[in-house]
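Numbering of ligands and ligand atoms starts at 1, following listing order.
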Amino acid sequence: MQALRCHAFGPIANLVVEDIASPAPGAGEVLIDVHAASINYPDTLMVQGLYQVKPPLPFTPGAELAGVVAAVGDGVRHLKVGDRVAASTGTGAFAQQAVAEATRVMPLPDGMDFDAGASFVLAYGTSIHALRTIAKLQPGETLLVLGAAGGVGIAAVQIAKAMGARVIAAASSDAKRALAREAGADETVDYTQAEWRREVERLTDGKGADVVYDAVGGNYAEPALRATAWRGRYLVVGFAAGEIPKLPLNLALLKERAILGVFWGAAMTREPRQLMADLQQLAAWFAEGRVTPPVTEQVPLTGAADAMSRLATRQAMGKLVVRPRG
Ligand SMILES: NC(=O)c1ccc[n+]([C@@H]2O[C@H](COP(=O)([O-])OP(=O)(O)OC[C@H]3O[C@@H](n4cnc5c(N)ncnc54)[C@H](OP(=O)(O)O)[C@@H]3O)[C@@H](O)[C@H]2O)c1
């Protein structure tokens with residue numbers, strides 16, 4: 001089968017498409033014919049050796065996919081050959097076949113195509129975990145989302161609307177802010193402008209946002225924490241801007257703000273039942289038309305490295321999907 005391969009941690013452009021042997025499913029695993037796999041920011045860090053997880057080399061990147069079950073390992077009961085599924089794999093998704101742990105595989109909801117399915121588990125799983133379990137976002141509260149047209153950001157916008165919150169979306173371009181509005185954002189802010197947090201304060205009658213979803217970090221983090229309301233919750237989700245911010249803790253004290261970490265992958269390993277409950281809620285919202293991954297681009301395996309580079313350099317929005325079978 002064909003796969004995108006990383007032989008050494010380094011530039012994304014060094015990734016190559018190669019023929020390798022198909023993986024075999026072990027106990028508790030399934031083999032999936034991959035029809036679509038979406039690109040997430042951590043994929044771009046992992047191949048450069050910049051992510052907290054460093055797989056043994058060589059490896060196939062790609063953390064989530066959708067396709068058809070081709071073989072089932074011992075002990076797997078809820079899946080069978082021929083099932084249309086979505087899965088979170090950590091690595092291995094940018095290939096024509098991939099192995100997944102059965103606990104991280106869900107049947108594709110009715111009406112969901114492979115592109116949307118491949119864009120669902122990780123980004124939407126992260127954002128429902130962040131907003132529901134960690135922030136305990138309430139109907140009527142205001143959520144500020146940084147990087148709101150990115151993968152986890154746009155999922156956060158849609159999920160917060162499904163939960164009855166008001167959403168302020170921060171993004172860097174007109175096109176990205178338009179995509180966030182299409183996803184349901186009530187207001188948008190250009191956070192490349194100096195003093196952008198004043199705009200958030202204006203939109204919240206000086207109060208600030210009850211919850212802030214920060215998957216961007218860098219220089220955006222401190223104004224975002226300052227734009228968090230009295231007893232608000234500031235979610236540390238990621239650092240797409242590159243730098244891990246160092247924040248003055250008096251900003252937490254002064255308004256009794258809570259700074260809360262979010263690590264979906266680790267939480268789901270510890271709490272697989274919560275993962276299944278979250279995925280069921282997401283599937284129900286999908287059926288009601290409340291959450292739909294905005295797939296903006298599809299590329300073949302040979303275009304995957306280029307698409308990853310664009311995502312890593314802020315030139316993408318929504319979800320980019322790799323189709324390993326053409
Ligand atoms: N904590 C968790 O469990 C968890 C799970 C999944 C992902 N993450 C993290 O969440 C972050 C976003 O992941 P994603 O897959 O949603 O990425 P994505 O689709 O690339 O979105 C990231 C957004 O960050 C913004 N950004 C600002 N500065 C940037 C820069 N220098 N380079 C690239 N983007 C920049 C971009 O929006 P603008 O151009 O509008 O600024 C972009 O849309 C990553 O740091 C990832 O590691 C965390």
Side-chain angles (χ1 to χ4, degrees), residues 12 37-48 50-53 61-64 88 90 93 118-135 144-159 168-181 183 185 188-193 196 213-221 223-224 234-245 259-271 274-275 278 293-297 307-321:
I12 296 169
S38 80
I39 302 174
N40 291 283
Y41 195 85
D43 304 326
T44 71
L45 296 177
M46 203 182 284
V47 300
Q48 296 178 82
L50 302 175
Y51 195 56
Q52 56 254 38
V53 177
E64 65 174 337
S88 153
S119 308
F120 204 56
V121 176
L122 198 155
Y124 285 75
T126 297
S127 290
I128 192 173
H129 172 65
L131 296 177
R132 207 162 69 148
T133 303
I134 306 298
L144 168 65
V145 182
L146 308 193
V152 296
I154 211 139
V157 170
Q158 293 180 356
I159 289 165
I168 301 174
S172 67
S173 70
D174 285 340
K176 289 183 178 186
R177 289 188 291 276
L179 191 71
R181 269 192 191 278
T188 55
V189 171
D190 178 359
Y191 68 166
T192 63
Q193 298 297 309
W196 65 272
Y213 184 102
D214 184 0
V216 178
N219 292 334
Y220 301 95
Y234 172 91
L235 296 169
V236 181
V237 182
F239 314 108
E243 285 203 20
I244 299 178
I259 300 174
L260 301 168
V262 175
F263 191 175
W264 178 74
M268 294 310 108
T269 302
R270 288 163 185 257
E271 300 156 6
Q274 183 62 49
L275 170 65
D278 285 350
V295 175
T296 53
E297 212 180 316
M308 287 172 74
S309 295
R310 276 183 280 118
L311 188 103
T313 51
R314 219 176 178 175
Q315 300 170 67
M317 60 182 186
K319 291 295 293 182
L320 309 189
V321 164

Near ligand 1, which residues have a heavy atom under 4.0 Å away from one of its atoms?
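Ligand 1 is contacted, at a heavy-atom distance under 4.0 Å, by Asn40, Tyr41, Pro42, Leu122, Thr126, Gly147, Gly150, Gly151, Val152, Ala171, Ser172, Lys176, Tyr191, Ala215, Val216, Val237, Gly238, Phe239, Ala240, Ala241, Val262, Phe263, Trp264, Leu311, Ala312, Arg314.
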
In chain order, what residues pass the side-chain contact (heavy atoms from CB on, under 4.5 Å) check against Ala221, with sequence neighbours excluded?
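In terms of side-chain contact (heavy atoms from CB on, under 4.5 Å), with neighbours along the sequence ignored, Ala221 is linked to Asp214, Tyr234, Pro245, Leu247.
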
Can you name the nearest heavy-atom pair linking Lys319 to Ile39, along with the distance?
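In this case the closest contact between Lys319 and Ile39 is NZ-O, 3.3 Å.
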
Which heavy-atom pair separates Thr296 from Leu320 by the least distance, and what is that distance?
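So the two residues come closest at OG1-CD2, 3.5 Å.
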
Donor-acceptor pair between Ser172 and Tyr191 side chains, under 3.5 angstrom:
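Absent: no donor and acceptor within the cut-off.
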
Is there a donor-acceptor contact under 3.5 Å linking the side chains of Ser88 and Glu64?
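Checked: Ser88/Glu64 side chains show no N/O donor-acceptor pair below 3.5 Å.
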
May I ask you to decide if Thr44's main-chain N or O and Gln48's side chain share a donor-acceptor pair within less than 3.5 Å?
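The answer is yes, because a donor-acceptor pair under 3.5 Å joins these two groups.
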
